[in-house]
Amino acid sequence: MVTPPERIAALERLARLRADRELHRFAGLRRQMAGLQARIATLEAEVLAGYPAGGAFSLAEARRSHAMTRAAAQDLRRSEEVLLALRPRFEAARQQAVREFGRAEVLAQLQARAAAARRAGRAARAAGMAAGPGGAPAPPAGM
């Protein structure tokens with residue numbers, strides 16, 4: 001038969017496994033979000049740097065700069081849309097990871113409390129046995 005402390009320990013191990021799985025999932029989404037944000041920053045810099053800051057430039061240079069800036073702006077818009085679409089999944093994964101981690105922590109605390117209660121019970125029983133029958137201290141051996 002499985003005792004309650006063993007059940008708590010088994011539940012805690014299971015909760016840790018689930019928490020690890022959710023944290024890995026969240027970490028993957030976080031890496032994806034960070035990559036998208038870096039890409040967006042790069043594209044924003046490209047769009048801002050698309051046109052020469054000073055001086056005159058030819059019509060061919062203007063067309064080339066416009067084409068490059070237009071492509072970067074379109075890619076920027078698509079990346080921002082992907083980021084916006086990913087945010088709900090990211091937030092849900094974050095909340096699930098927090099929930100699973102919290103569950104594992106609560107079970108670990110319950111397991112620690114149960115272990116402390118068992119130790120206290122053993123100590124009380126040991127003290128009761130040392131006191132002898134009726135609760136009075138046992139007479140010293142040899143008297």
> Find the distance between CZ (R16) and CD (E105) and round it off to the nearest 0.5 Å.
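One gets 4.5 Å once the value is rounded to the nearest 0.5 Å.
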> Treat each ILVMFWY residue as a node, draw an edge where side-chain heavy atoms are under 4.5 Å apart, and state whether I40 and L29 are in one component.
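Yes, one cluster joins them.
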> Using salt bridge (charged side-chain N to carboxylate O under 4.0 Å, His left out) as the criterion, list what pairs up with E91, not counting sequence neighbours.
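So E91 forms a salt bridge (charged side-chain N to carboxylate O under 4.0 Å, His left out) with R94.
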> Calculate, to the nearest 0.5 Å, the distance between atoms NE2 and CZ belonging to H24 and R21 respectively.
11.0 Å
> Mind listing the closest non-hydrogen atom pair of S79 and L43 along with its distance?
OG-CD1, 3.9 Å
> For a quick test of reading the model, state the closest non-hydrogen atom pair linking A104 to A15 and the distance between them.
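A104 and A15 have their closest heavy atoms at CA-CB, 3.7 Å.
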> Output all residues satisfying side-chain hydrogen bond (donor to acceptor under 3.5 Å, both in side chains) with R77, sequence neighbours left out; order by chain, then residue number.
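If we apply the side-chain hydrogen bond (donor to acceptor under 3.5 Å, both in side chains) test to R77, skipping adjacent residues, the hits are E81.
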> Check for me, please, whether V106 and L11 land in the same ILVMFWY cluster - side-chain distances under 4.5 Å, paths through other members count.
yes
> Please identify each residue that fulfils salt bridge (charged side-chain N to carboxylate O under 4.0 Å, His left out) with E80, with sequence neighbours left out.
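Testing E80 for salt bridge (charged side-chain N to carboxylate O under 4.0 Å, His left out), a comparison that skips the adjacent residues, returns none.
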> Can you tell me how far apart CE (M33) and CG (L86) are? Round to the nearest 0.5 Å.
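M33 CE to L86 CG: 5.5 Å, rounded to 0.5 Å.
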> Output all residues satisfying side-chain contact (heavy atoms from CB on, under 4.5 Å) with E100, sequence neighbours left out; order by chain, then residue number.
R18, A19, E22, Q96, R103
> With sequence neighbours excluded, tell me which residues meet side-chain hydrogen bond (donor to acceptor under 3.5 Å, both in side chains) with Q109.
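For Q109, no residue satisfies side-chain hydrogen bond (donor to acceptor under 3.5 Å, both in side chains) once neighbours in sequence are set aside.
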> Quick one: are T69 and E46 in side-chain contact, heavy atoms under 4.5 Å?
no
> Which pairs, with at least one residue in residues 70-91 and sequence neighbours excluded, count as a ring pair (Phe, Tyr, Trp, His ring centres under 6.0 Å)?
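Ring pair (Phe, Tyr, Trp, His ring centres under 6.0 Å) check on residues 70-91 returns F26-F90.
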> What's the spacing between L59 CG and H66 NE2 if we round to 0.5 Å?
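L59 atom CG to H66 atom NE2 measures 11.5 Å (nearest 0.5 Å).
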> Rounded at 0.5 Å granularity, tell me how far CG in L76 sits from CZ in R70.
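Going from the CG atom of L76 to the CZ atom of R70 covers 14.5 Å.
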> Taking CZ in R78 as the centre, count heavy atoms belonging to other residues, nucleotides or ligands within less than 6.0 Å. Is the count above 12?
yes
> Does R113 CZ have over 12 foreign heavy atoms under 6.0 Å away?
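Count not over threshold, so no.
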> Considering all heavy atoms of both residues, which atom of V47 and which atom of A73 are nearest to each other, and what is their separation?
CG2-N, 3.6 Å
> Looking at CD of E12 and CG of L110, how far apart are the two atoms once the value is rounded to the nearest 0.5 Å?
10.0 Å
